[in-house]
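What follows is a single structure, written as structure tokens, with notes after it.
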2 protein chains.
Amino acid sequence: MTRRVSIVDVAREARVSVATVSRILSNSDYPVSPETRARVLEAARRLDYVPDAFARALVRRRTGIIALTVHDIADPYFAEIARAVEDASQASGYRALICSTDRDPDKELQVVRSFRAFRPDGLIFAGGCVEDAAHVEKLRRGVGSLAVRGTRVVALSRHPTGVPMVRVDNVAVARAATEHVISLGHRRIAFICGQPNFTTSTDRLEGYRQALAAYGLPFDPDLIVIGWYTWEGGYRATRELLARGVDFSAVVASTDIMAIGALVALREAGIHVPDRVSLVGINDLPVASVVDPPLTTVSFRVRDLAAVAVRLILDALDGREIPQDTVLDFDLKVRRSTRPFPV
Amino acid sequence: MTRRVSIVDVAREARVSVATVSRILSNSDYPVSPETRARVLEAARRLDYVPDAFARALVRRRTGIIALTVHDIADPYFAEIARAVEDASQASGYRALICSTDRDPDKELQVVRSFRAFRPDGLIFAGGCVEDAAHVEKLRRGVGSLAVRGTRVVALSRHPTGVPMVRVDNVAVARAATEHVISLGHRRIAFICGQPNFTTSTDRLEGYRQALAAYGLPFDPDLIVIGWYTWEGGYRATRELLARGVDFSAVVASTDIMAIGALVALREAGIHVPDRVSLVGINDLPVASVVDPPLTTVSFRVRDLAAVAVRLILDALDGREIPQDTVLDFDLKVRRSTRPFPV
DNA sequence: TTGTAGGCGTTATCAA
DNA sequence: TTGATAACGCCTACAA
């Protein structure tokens with residue numbers, strides 16, 4: 001293995017000091033004679049020199065890294081987030097370091113802890129947070145020890161740890177989804193919920209409740225079914241719902257992914273969507289419009305969430321004040337999985 | 001911002017030298033007295049000390065980073081890959097650094113170059129490679145300058161740069177997809193190709209040709225349509241195919257994602273799948289089984305590709321010889337998007 | 001405008 | 001078994 005080419009080699013090649021090289025290759029507004037600059041640039045090019053990020057991070061107080069925790073990078077929602085974080089980071093010369101937590105509190109803690117070794121300039125929590133007091137406290141501590149060392153932290157959903165948030169109002173989102181089917185005349189509306197105790201889950205369930213209440217409809221626990229935030233989860237939850245034998249003409253799913261799982265289960269059971277059952281999702285992922293029927297869903301700019309979060313982190317790094325709670329808009333996208341009731 | 005707690009603080013707290021702390025915390029097998037070890041461990045815990053990855057990487061010759069280039073992390077195929085790389089890396093104490101290239105040769109070059117600053121221990125190319133001599137040469141040089149500094153490089157598809165590969169035989173894969181519909185009696189078979197000049201594209205097109213040739217069927221250019229590796233791409237390609245007015249009873253798509261786009265286009269055109277047209281994809285992504293009809297596709301263990309690649313990198317890092325070309329198995333998954341012809 | 005030298009946090013090489 | 005101390009590659013006062 002050849003010795004790596006360092007700033008010393010470039011300095012020697014250009015017959016200047018390392019300080020001069022450093023000034024030209026990093027701190028660009030420092031006065032340097034044009035000839036020297038040219039000679040150094042040429043030497044760096046000839047040697048194919050790339051400054052070492054590790055050495056640089058050691059002496060600067062910045063690592064150029066933005067850490068991102070997602071529940072599962074293979075989940076289309078988080079893949080979108082990851083892509084947006086990557087793009088926004090790269091545009092400002094930062095790099096994204098991504099880790100999946102699988103919605104496992106312990107793994108989340110461990111991920112946050114392991115991030116500390118990299119002293120990231122920013123940390124973004126993408127998924128919902130477990131609402132367990134003990135866990136939240138541990139997480140708050142983990143976040144604190146990062147923050148105290150300069151990492152700016154932002155969450156993309158309601159986060160009980162008290163970090164700044166960029167998010168949509170999930171209560172309102174689920175309420176909009178539910179009110180849509182209510183306004184179509186549906187009265188017996190099932191709700192497919194993701195893993196309980198997550199902020200996202202409780203908020204969306206609450207939105208569903210609020211919609212019912214607003215229209216004076218009874219809340220029937222038999223219409224609520226708890227599942228997982230996956231296709232399989234939506235599928236199984238719907239099977240369970242069907243097994244209960246309760247009457248319903250509409251299903252609100254906590255996410256598009258779960259809604260698509262529900263679609264499969266309904267199809268298998270010979271229940272036509274939307275002729276016999278209307279179905280609404282949340283998120284408006286690309287996949288929502290390619291299924292049959294195209295999914296009615298609540299839409300918000302998933303990528304904007306991430307982009308704004310990155311911008312806030314950069315702002316905070318620049319010493320600016322950043323808002324504690326940024327709430328983005330959403331709107332209902334009516335496609336063909338919902339229709340009036342009765343037919 | 002508080003000063004970060006360093007090894008010096010731990011040493012002072014435990015009243016030993018930094019050397020001793022380092023030896024204990026980097027858990028080398030260096031002999032240390034039990035009492036000292038306990039004291040140091042306790043001090044580290046009390047101070048909540050985490051060694052700085054950057055300082056460590058500077059002096060060790062390892063960074064603990066495995067870099068990954070994907071075409072687009074938001075594409076379900078690459079999201080699967082990313083997840084598997086992440087898992088396999090983490091299991092061995094490494095971290096994955098992911099970048100999307102958007103199938104843009106220049107961006108790919110730039111990504112590879114920018115990776116150099118991080119001196120990753122491993123680099124995985126996930127997507128197909130542009131088969132342009134000039135680009136391949138540039139890429140080979142970029143890879144070379146990483147390799148010369150110790151980065152082990154592996155590609156997850158045929159790669160003209162000469163780096164070790166872990167892959168499926170894409171010619172055989174596409175041939176299997178095509179032979180499936182031929183064996184069902186189809187004769188006029190369209191092929192939806194991804195962006196040309198990529199190894200994956202040319203290989204899969206070649207597989208399609210070989211299947212036709214094997215059955216003595218003519219190759220009709222009118223049945224080939226070039227698109228993009230996206231839903232939109234599959235959709236548009238299919239629209240173009242329909243606009244040509246050529247006769248066909250089956251479509252082989254270069255990927256599941258394109259196949260699903262094709263499905264939407266066919267549905268819109270009132271062409272039933274599989275009653276009037278059979279449709280095959282490639283990859284067997286999770287989404288393939290939730291669309292209607294569930295997609296017949298060629299299946300291979302996408303995650304294994306990535307996991308094996310990580311293992312090879314670790315092996316190489318340990319000084320072991322690694323195979324130049326590892327070819328994984330695949331098999332046809334017949335679902336409900338294909339049926340015999342004529343009906 | 002350019003150069004010298006100290007230090008960032010860690011590991012590794014010598015001594016002790 | 002433990003401790004000084006010289007790297008690792010870079011940036012940045014401070015000097016010249």
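Just so you know, these numbers come straight off a predicted model, no measurement behind them. So that the names make sense, note that chain A is the first sequence line, chain B the second, and so on, each numbered from 1.
The nearest whole Å value for the distance from the CZ atom in B/F54 to the P atom in C/dT11 is 15 Å. Atoms CZ (B/R12) and P (C/dG9) sit 12 Å apart, rounded to a whole Å. The nearest whole Å value for the distance from the CZ atom in B/R39 to the P atom in D/dT1 is 15 Å. The nearest whole Å value for the distance from the CZ atom in B/R15 to the P atom in D/dT2 is 13 Å. One atom, CZ of B/R62, and another, C1' of C/dA12, lie 16 Å apart when rounded to the nearest Å. Atom CD1 in B/I7 sits roughly 14 Å away from atom C1' in D/dT2 (whole-Å rounding). Atom CD1 in A/I24 sits about 15 Å away from atom C1' in D/dT12, given to the nearest Å. The CG-C1' distance, from A/D29 to D/dT12, rounds to 13 Å in whole Å.
Aromatic ring pairs are classed by plane angle as parallel below 30°, tilted from 30° to 60° and perpendicular above 60°; the pair A/H159 and A/F125 is parallel.
In terms of phosphate contacts, A/R56 brings a side-chain nitrogen or oxygen within less than 4.0 Å of OP1 or OP2 of D/dC11. Taking side-chain N and O atoms only, A/Y49 has a distance below 4.0 Å to OP1 or OP2 of D/dC10. The phosphate of D/dT2 has neither OP1 nor OP2 within less than 4.0 Å of any side-chain N or O from B/T20. Contact annotation: A/S22 side-chain N/O to D/dC11 OP1/OP2 distance is under 4.0 Å. For the OP1/OP2 pair of D/dT2 and a distance below 4.0 Å, the side-chain nitrogens and oxygens of B/S33 include at least one atom meeting the criterion. Residue B/T36 places at least one side-chain N or O closer than 4.0 Å to OP1 or OP2 of D/dT2.
Using a 4.5 Å heavy-atom threshold, the side chains of B/P105 and B/K138 count as separate.
Of the residues near DNA chain D, A/A19 and B/A19, the one whose nearest nucleotide (by heavy atom distance) lies more toward the 5' end is B/A19. The 5' end of DNA chain D is approached more closely, in terms of each residue's nearest nucleotide, by A/V50 than by the other of A/Y30 and A/V50.
Distances from the side chain of A/D52 to the nucleotides D/dG9, C/dA5, D/dC8 place D/dG9 closest. Between C/dT13, D/dT5, D/dG9, one nucleotide has an atom nearer to the side chain of B/R61 than all others, and that is D/dG9. Among the nucleotides C/dG9, D/dC10, C/dT11, the one closest to any side-chain atom of A/L58 is C/dG9. For A/R23, taking side-chain heavy atoms from C-beta onward, the closest of the listed nucleotides D/dC10, D/dT12, D/dC11 is D/dT12.
Using a distance-only test at 3.5 Å, with no hydrogens or angles considered, a donor-acceptor pair links the side chain of B/R62 to the main chain of B/L317.
Minimum interatomic distance between A/F54 and B/A57 (heavy atoms only, all atoms of both residues): CD2-CB, 3.4 Å.
A/R311 and A/D315 are joined by a salt bridge, as a carboxylate oxygen and a charged side-chain nitrogen come within less than 4.0 angstrom of each other. Between B/E137 and B/R140, at least one side-chain nitrogen of the basic residue sits less than 4.0 Å from a carboxylate oxygen of the acidic one, meeting the salt-bridge criterion.
In this structure, A/V16 reaches the sugar-phosphate backbone alone: every heavy-atom distance under 4.0 Å involves primed, P, OP1 or OP2 atoms, never a base.
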